> 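Before I ask anything, let me first share the structure, which is written out below as structure tokens.
Everything numeric here is computed off the predicted structure, so don't read it as measured data.
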Amino acid sequence: MIQGDQASIIGGAIDFVKEMEQLLQSLEAQKRIRKAEAKAGSDISSNGLLTSQSPLNRQPLPQNAGSEEAKEETKPETAQIEVTVIQSHVNLKIEGPRRPGQLLKVIVALEDLRLAVLHLNITSSQYTILYSFNLKIEDECKLRSADEIAAAVHQMFS
């Protein structure tokens, strides 16, 4: 009985830490998104210029057209992928441009790779989206390393 109680407490602590990590990632992404949108909003009002673009092609207006910061403010073209593997658990973060139907495609592709989705956190803005997955590597999965999983996910987005 005592070992079962200890295992239950440890399992609960692990779940709590995972939830806190997801919350932190979400808050950090929201902070970046607000900063980018605030800069875009201030540029639009200071210039008095509004452009009409389709929802998928909208980009915040850069503050200084020739600066490096301006290039970082625009909508990302490719997804940034970060993978951490601990035993049979995977923490997968994908940040990139929003595209219709991409979440469903990613979930189906992950399941085809035999990576079971345990938890998913989504943070989005008008231009970008951040997916934070907690995955379990199933016995039939052929991917074992973080690099192999990252390469497979990168292919999903290219």
> Give a yes or no answer on whether the side chain of Glu148 reaches the backbone of Arg144 with a donor-acceptor pair at less than 3.5 Å.
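Yes, Glu148 side chain to Arg144 backbone: donor-acceptor pair under 3.5 Å.
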> Starting from Val108, can I reach Ile81 by hopping between I/L/V/M/F/W/Y residues whose side chains sit under 4.5 Å apart?
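As far as the 4.5 Å side-chain criterion goes, Val108 and Ile81 are not connected within one cluster.
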> Hey, are the side chains of Val153 and Leu92 touching, using non-hydrogen atoms and a 4.5 Å cut-off?
yes
> Between Ile14 and Leu24, is there a shared hydrophobic cluster once you connect ILVMFWY residues whose side-chain heavy atoms come closer than 4.5 Å?
no
> Side-chain contact, heavy-atom cut-off 4.5 Å: Lys18 with Asn91?
no
> I'd like to know whether Leu113 forms a side-chain contact (heavy atoms from CB on, under 4.5 Å) with Leu143, so could you lay out the CA-CA distance, the side-chain angles of the two residues, the decisive distance to 0.1 Å, and finally the verdict.
CA-CA 8 Å; Leu113 294 171; Leu143 306 173; 3.9 Å; yes
> Of the non-hydrogen atoms in Ala116 and Glu138, which two are nearest, and what is the gap between them?
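Minimum heavy-atom separation between Ala116 and Glu138: CB-OE2, 3.3 Å.
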> With a 4.5 Å limit on heavy-atom distance, are the side chains of Phe133 and Ile94 in contact?
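They are in side-chain contact.
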> Go through His89 and Lys136 one step at a time and tell me if the side-chain contact (heavy atoms from CB on, under 4.5 Å) criterion holds.
CA-CA 5 Å; His89 293 307; Lys136 180 163 177 59; 4.2 Å; yes
> Same cluster or not: Leu103 versus Ile149, using hydrophobic residues (I, L, V, M, F, W, Y) connected whenever any side-chain heavy atoms lie under 4.5 Å apart?
yes
> Checking side chain to side chain contact (heavy atoms under 4.5 Å, CB included) between Leu135 and each of Leu110, Val85, Leu120, which is the one that passes?
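Of Leu110, Val85, Leu120, side chain to side chain contact (heavy atoms under 4.5 Å, CB included) with Leu135 is met by Leu110 alone.
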> Within a reach of under 6.0 Å around CD of Gln155, are more than 12 heavy atoms found that belong to other residues, nucleotides or ligands?
no
> Identify whether Ile129 and Val117 are in the same connected component of the hydrophobic contact network (ILVMFWY, side-chain heavy atoms under 4.5 Å).
yes
> Under 4.5 Å between side-chain heavy atoms, counting indirect links through other Ile/Leu/Val/Met/Phe/Trp/Tyr residues: same cluster for Tyr127 and Phe157 or not?
no
> Can you find a pair of side-chain heavy atoms, one from Thr84 and one from Val90, that are under 4.5 Å apart?
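They are not in contact (no side-chain heavy atoms under 4.5 Å apart), so the answer is no.
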> Could you check whether Tyr131 and Glu95, counting side-chain N and O atoms only, form a donor-acceptor pair closer than 3.5 Å?
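Glu95 vs Tyr131: no donor-acceptor pair found between side chains.
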> Does Arg114 use its side chain to pair, donor to acceptor, with the backbone of Lys142 at less than 3.5 Å?
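It does not hold such a pair.
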